[in-house]
Amino acid sequence: MHHAYIDKFAYQDSPIHRLDGRVKFIVALTFTAVVVSLPRTSLSILTCYAVGPFTILVLGRIPLRFAFKHILLVCPFILVLALTCPLYDRTPVNVAFGLFLWQTSLGWMRCFTILGKFIVTMLALIALVSTTRFSNLLTGLHKLGVPKLLIIQLGFLYRYIFILIDSAHHILRARDGRKLTNLGFTAELKIAAAMLGSLLIRSIDSAERINIAMQARGFEGKWRSISKLKFRRCDLLFTLSAASFLFGLHFFIKPILL
Amino acid sequence: MSKAIEIENFSYEYPDGTLALCNICLNVEHSQRLALIGPNGAGKSTLLLAMAGFVKGTGKVFIDGLQINKKNFKKIRTLLGSCLENPDDQLFMPTLFDDVAFGPLNMGIEAEKVKKRVTEALKTVGLEGMADKAPHHLSAGQKRAAAIATILSMAPKIITLDEPDGSLDPRNRKNLIKLLAALPQTLIIATCDMNFAATIADRTVLLDEGYIIADDDVKKIMSDSKLMTEHGLEVPTQFKNGNYHNFKS
Amino acid sequence: MSKAIEIENFSYEYPDGTLALCNICLNVEHSQRLALIGPNGAGKSTLLLAMAGFVKGTGKVFIDGLQINKKNFKKIRTLLGSCLENPDDQLFMPTLFDDVAFGPLNMGIEAEKVKKRVTEALKTVGLEGMADKAPHHLSAGQKRAAAIATILSMAPKIITLDEPDGSLDPRNRKNLIKLLAALPQTLIIATCDMNFAATIADRTVLLDEGYIIADDDVKKIMSDSKLMTEHGLEVPTQFKNGNYHNFKS
Amino acid sequence: MHMANELLSVPIATGTLAIAAAGLAFICKKARQFIASDKFPLMGILGAFVFAAQMVNFQLPAMPGTSGHMVGAVLLAIILGPHLGAIVISSVVIIQCLIFQDGGLLALGCNIINMAIIPSYIGYFLYKSFTIGPFSSLRTYIGAMMACVIAIEAGAILVPIEAALSGVLVVPFSTFLITMLGVHFLVGFAEGLITLAVLGYLQQVRPDIVVDSLQGKVRLSRNAVFITLAVFTVVIGAGLSLVASGMPDGLEWSYAERPDQPDFKPIVSNVEPTVSAVDDFQTRYTPMPDYSIRTSKLGETNEKEQEIKTSAGWTSFAGVAGSGLTMLFIWMIVSFLRKKKSLEA
Ligand SMILES: Nc1ncnc2c1ncn2[C@@H]1O[C@H](COP(=O)(O)OP(=O)(O)OP(=O)(O)O)[C@@H](O)[C@H]1O
Ligand SMILES: Nc1ncnc2c1ncn2[C@@H]1O[C@H](COP(=O)(O)OP(=O)(O)OP(=O)(O)O)[C@@H](O)[C@H]1O
Ligand SMILES: [Mg+2]
Ligand SMILES: [Mg+2]
């Protein structure tokens with residue numbers, strides 16, 4: 001996993017990218033809540049909801065391949081859960097879709113709904129994250145009341161995760177370059193501990209140096225930052241359209257489909 | 001007028017007993033460009049830390065006439081900016097803008113002025129328009145430049161740089177030299193690379209094992225091949241065979 | 001006889017889409033000393049990783065006649081030792097002894113012989129008597145040497161080194177050059193420092209943006225000032241004005 | 001043990017989100033009182049360290065082919081103290097959600113509680129209460145081991161509970177619980193080993209870092225490891241079978257939430273009043289009550305029903321097709337506009 005890999009699309013520019021982070025966050029959260037609380041056996045309505053994140057992704061110029069690759073990466077846990085549904089719920093149901101009519105079990109229906117909901121909510125999350133620079137998201141979260149200490153932590157984390165992941169990779173490489181046999185459990189554990197330990201020591205050392213760099217620039221414990229967030233007219237427009245999308249689906253399309 | 005930096009009989013021992021600096025006496029005039037040279041472990045980095053007040057040994061250090069102590073610490077931060085060896089340590093905020101704004105904001109400057117300063121500092125190092133980038137999206141050379149910008153935005157009178165030329169390719173190094181040559185501030189640069197030091201500085205201090213071995217004009221020290229090799233260094237190419245080319249543009 | 005390294009049409013793209021290596025074809029003879037040069041981000045480190053089988057792209061890589069694949073991976077580990085860019089990554093055990101012994105122990109060599117190998121490797125790099133030190137107490141130059149010792153103790157036929165000259169002072173660099181010059185193995189060295197490359201190698205491959213731009217005798221490539229500056233490099237001093245001094249001792 | 005959105009109902013999700021937010025706000029407020037400015041970078045870097053540490057793996061004993069890696073909550077709590085540890089791990093969980101999309105947005109509250117707050121505090125206090133007094137290698141060993149296993153199990157137990165309270169569990173509760181406990185017992189055990197080993201390494205090379213929490217030398221012996229494994233297995237096994245026997249039968253549980261058989265008497269609501277209360281609450285207050293219009297899809301072969309079904313088939317087809325067309329339309333418009341723009345430029 002490399003730097004540019006995970007958040008490269010957040011640094012593009014598009015109308016969606018320019019929206020206020022707060023607005024996008026709240027919309028994504030609401031959208032997720034609405035989708036999660038949909039009935040457990042209705043699949044077709046999910047595709048209607050998918051239109052929302054899909055639009056954002058397309059407008060934000062996020063390749064759909066990227067989004068689906070990500071979903072694949074994080075799906076194993078939910079996949080296992082979804083696949084247990086057919087085992088436990090064998091109530092037969094008839095499913096009608098267009099001209100076709102077939103019989104399956106409620107468990108399968110649920111399995112697919114869970115997966116469908118997972119995909120749709122993940123699309124929403126990816127749409128949020130890959131159209132919002134993390135720093136803007138942080139400022140947005142701060143404005144929404146997340147404690148400053150946590151925001152500072154998140155900022156540091158975001159900055160140093162990639163560096164440390166890289167050095168973990170390098171250490172692993174150095175081990176693999178010289179590791180030919182399994183030396184037995186105790187030795188393995190010791191080696192792993194030594195690798196973790198040296199990573200930890202390096203982290204602590206660089207924390208000490210960062211501390212010097214911060215103090216050298218006058219830091220005394222009080223965290224100041226400039227907020228670049230502004231609620232503009234397009235944010236209002238976005239909120240309104242998102243609201244009417246959800247509202248319309250809920251009150252007009254959903255009753256028809258179910 | 002007071003000197004930019006005055007160090008009187010400064011000594012420092014690391015907690016584990018390593019004597020890193022020994023009886024250092026050093027004066028630096030305003031707008032001088034001083035190269036600190038010396039082999040690995042000579043104490044260059046430690047001396048730069050001492051100038052910024054981050055290691056507290058015996059002896060006195062004055063920055064622009066102000067002695068370093070608890071009371072003056074804040075004032076000195078606005079006078080002297082120090083840039084660490086590794087730009088990853090220097091750039092710790094999520095975006096370049098935040099990083100460059102960090103210093104001025106801590107000085108209590110108001111937001112509008114901070115923005116102006118950031119824009120200017122980024123322009124000076126040739127990174128205009130990159131303000132919203134995350135540091136991990138920058139290349140090695142850009143990170144160096146950005147680290148310098150974080151110091152420039154504080155508008156210090158004195159800048160210390162620790163091995164700013166590490167792991168740069170020749171092109172990036174040339175860009176760095178151009179950038180440093182254009183800065184009007186007092187510069188103190190620690191480096192192991194003699195060619196780099198000879199190009200950028202007008203005065204040299206040779207450190208070894210915590211002692212100041214020599215302190216003079218660049219040419220005088222660097223062309224003394226006996227002195228240089230004795231302390232693990234080498235005569236830079238422009239001073240070899242006595243033929244002096246100044247590469248400064 | 002088979003070549004030390006044969007690479008056929010190798011390409012590699014990082015998961016984020018960066019094309020780091022593009023259609024690389026390269027043969028290295030036994031006991032050749034090859035310098036990989038190129039600006040920052042040219043793909044030097046990636047090529048060294050590919051030679052050790054750490055990145056798997058399209059195309060074939062043969063080490064001493066063996067193709068790199070799952071089956072041969074172990075065998076290749078004993079043939080080719082690769083030393084990473086940062087010595088801190090290479091040294092992760094609590095003591096230097098453990099670190100240098102790590103490779104041989106993994107090869108299933110018995111304890112007595114391992115000890116002998118460790119002592120020899122440490123002696124070769126000039127660190128005899130330091131076996132019990134913790135790696136993070138070593139100086140930068142010592143860490144470099146130690147990282148090389150961890151490879152030497154495995155007695156590979158081919159050694160790859162990624163920027164072994166980073167942040168070393170001239171004396172340490174000279175020692176490193178002496179050390180490398182005395183090694184009988186096939187050496188492949190990636191570096192940004194042209195003087196270092198010119199001193200140590202007898203063949204040079206110039207990489208830029210993932211392509212092999214030139215592959216020839218050191219002198220031929222490095223004295224071509226147009227080629228070098230075009231790719232962000234510079235002509236090393238010993239090839240300037242056509243006067244060729246070989247610094248190898 | 002990352003929770004997904006789909007394992008939670010909206011009331012439970014918002015409830016846990018609120019609890020997590022309040023908890024974090026409280027912890028941050030508390031931490032602000034004693035945190036020194038030089039702790040900021042240390043905490044940030046240690047958080048990143050936890051991420052990176054998860055890539056370093058080692059072979060587990062007894063089960064060849066499986067490898068373990070650390071989670072880090074207890075180690076950080078030991079090094080930084082419970083408050084700062086909880087903040088750091090919470091930020092790790094949030095980043096996992098917001099950058100790596102691991103765990104859902106709605107499930108963030110649950111994840112913070114399960115993986116950050118609970119393990120940090122439980123782990124720290126278990127470790128402290130065991131290692132109080134003069135240093136002994138055995139006590140440190142037991143303390144760290146207990147801390148890791150119990151802290152992680154405590155977090156893991158919450159996952160099936162939260163899912164059950166949400167009423168979305170299809171898998172029988174007891175099965176889910178036992179699987180979670182079993183898996184996380186192994187996780188906790190590996191975590192304990194690695195935590196101890198790292199502490200031992202740190203003590204060897206940088207004793208100043210762990211000086212407050214470890215005065216003597218930590219040693220790991222193979223026998224101790226196996227004895228611990230045996231003891232824990234027996235204890236956990238016995239505990240689990242007790243829990244399991246008290247639970248309603250797996251299949252029945254899944255019947256308990258089957259609205260399609262109205263005459264079926266849900267067993268659970270008798271056994272567990274809280275669950276039924278929450279269920280009740282949910283059906284009443286969720287914006288979209290769950291089981292309302294499902295009849296059109298359930299199978300009786302009444303002719304009229306059949307008719308309804310066919311029409312339902314068409315509407316759902318229309319829904320899917322309409323959405324698909326809409327997406328196609330949006331995509332075409334956007335790419336058309338973009339092309340035009342790039343031509344102009
Ligand atoms: N944190 C530390 N604790 C103990 N000793 C230290 C520490 N940092 C540096 N030293 C020792 O102090 C001496 C001076 O170190 P310093 O880092 O100032 O050297 P340097 O001239 O910057 O070397 P380099 O060219 O390698 O950067 C060295 O002997 C070094 O080993
Ligand atoms: N893990 C990674 N993921 C994605 N891209 C990478 C990764 N590592 C390197 N790159 C990119 O691949 C290209 C080649 O990188 P490489 O590290 O091989 O260059 P290099 O020649 O070693 O440069 P340097 O002189 O700076 O060490 C660069 O553009 C770099 O940004
Ligand atoms: Mg230094
Ligand atoms: Mg490289």
Side-chain angles (χ1 to χ4, degrees), chain A residues 6 29 32-33 36-37 39 41 44 47-48 51 54-55 58-59 70 74 78 84-85 88-89 92-94 96-98 110 114 117-118 121 125 129 147 149-150 152-154 156-157 160-161 164-165 168 185-186 188-189 192-197 199-201 203 207 210-211 221 256-258, chain D residues 4-6 10 25 28 31 37-38 40-45 47-49 51-53 55-56 58-59 61 87 91 95 98-99 101-102 104-106 170-171 193 197-198 201-202 206 222 254 286-288 290 293-294 297-299 309-310 312-313 315-317 319-320 323 326-327 330-331 334:
Chain A
I6 222 103
L29 197 62
T32 311
V36 164
S37 58
T41 47
S44 49
T47 52
C48 303
V51 174
F54 175 84
T55 312
V58 171
L59 287 178
H70 252 263
V74 290
I78 200 77
T84 50
C85 291
Y88 286 103
D89 199 341
V93 277
N94 290 321
F97 182 74
R110 287 201 176 165
I114 288 183
K117 281 185 182 178
F118 177 71
T121 53
L125 181 56
V129 172
L149 197 51
L150 200 60
I152 298 171
Q153 280 314 296
L154 289 170
F156 269 116
L157 256 180
Y160 287 102
I161 276 176
L164 280 182
I165 286 181
F185 167 61
T186 337
E188 282 269 325
L189 186 64
M195 292 168 64
L196 285 174
L199 201 60
L200 184 55
I201 287 174
S203 318
I210 294 162
N211 184 34
I256 300 173
L257 278 182
L258 286 176
Chain D
N5 292 326
E6 291 65 33
V10 175
C28 284
S37 71
D38 63 338
F40 288 99
L42 183 64
M43 287 165 66
I45 290 269
F49 163 77
F51 255 90
M55 323 203 108
V56 175
F58 65 101
Q59 308 285 294
I87 294 174
S91 59
I95 287 263
L98 288 184
I99 293 190
Q101 280 101 44
D102 213 350
L105 200 53
L106 209 55
V170 184
V171 190
L193 284 181
V198 170
Y201 177 87
L202 274 184
R206 277 293 290 270
R222 185 188 287 258
S254 73
T286 28
M288 293 133 244
D290 225 350
I293 330 175
R294 213 187 282 151
K297 285 194 177 155
L298 293 178
K309 234 173 289 160
T310 330
T315 48
S316 60
F317 177 74
V320 174
S323 318
T326 315
M327 290 195 231
I330 290 170
W331 185 73
V334 169

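We name chains A, B, ... by the order of the sequence lines, and we start the count at 1 in each one. Values below: every heavy atom of this structure, side chains too, minus hydrogens, waters and symmetry copies.
Only the side chain of A/F54 comes within less than 4.5 Å of a heavy atom in chain D; its backbone stays farther off. Of the atoms belonging to A/I78, it is side-chain heavy atoms, and not backbone ones, that fall under 4.5 Å from chain D. Proximity to chain D (any heavy atom under 4.5 Å) is restricted, for A/I152, to the side chain, taken from C-beta onward.
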- Query: For D/M327 and A/V58, what are the C-alpha separation, side-chain angles and deciding distance, and is it a side-chain contact (heavy atoms from CB on, under 4.5 Å)?
  - Reply: CA-CA 9 Å; D/M327 290 195 231; A/V58 171; over 6 Å; no

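The side-chain heavy atoms of A/V51 and D/I330, taken from C-beta on, include a pair separated by under 4.5 Å.
Here the straight-line distance linking atom OG1 of A/T32 with atom CG of D/L106 works out to 6.5 Å at 0.5 Å rounding. To the nearest 0.5 Å, atom CD1 of residue D/I99 and atom CG of residue A/L157 are 8.5 Å apart. Once rounded to the nearest 0.5 Å, the distance linking CG of A/N211 with CD1 of D/I45 reads 11.0 Å. For the atom pair CD1 of A/I165 and CZ of D/F51, the computed distance is 6.5 Å after rounding to the nearest 0.5 Å. To the nearest 0.5 Å, the span separating CD on D/Q101 from CG on A/L125 amounts to 5.0 Å.
Taking each heavy atom of D/P41 and A/F156 in turn, the nearest pair found is CA-CZ, 4.0 Å. Residues A/A193 and D/V198 share a closest heavy-atom pair of CB-N, 4.0 Å. The two residues A/L164 and D/F49 have their closest heavy-atom pair at CD1-N, 3.4 Å. For the residue pair A/L150 and D/C28, the shortest heavy atom distance occurs at N-SG, 4.3 Å. Between A/A33 and D/V10, the shortest heavy-atom contact is O-CG2, 3.4 Å.
With chain A as partner, the option from D/I87, D/I95, D/L42 having the largest number of non-hydrogen pairs under 4.5 angstrom is D/I95. Interface remark: of the candidates A/I210, A/L59, A/V36, A/V36 forms the most heavy-atom pairs closer than 4.5 Å to chain D. Among D/A25, D/G44, D/G104, D/A31, the residue with the largest count of heavy-atom pairs under 4.5 Å with chain A is D/G44.
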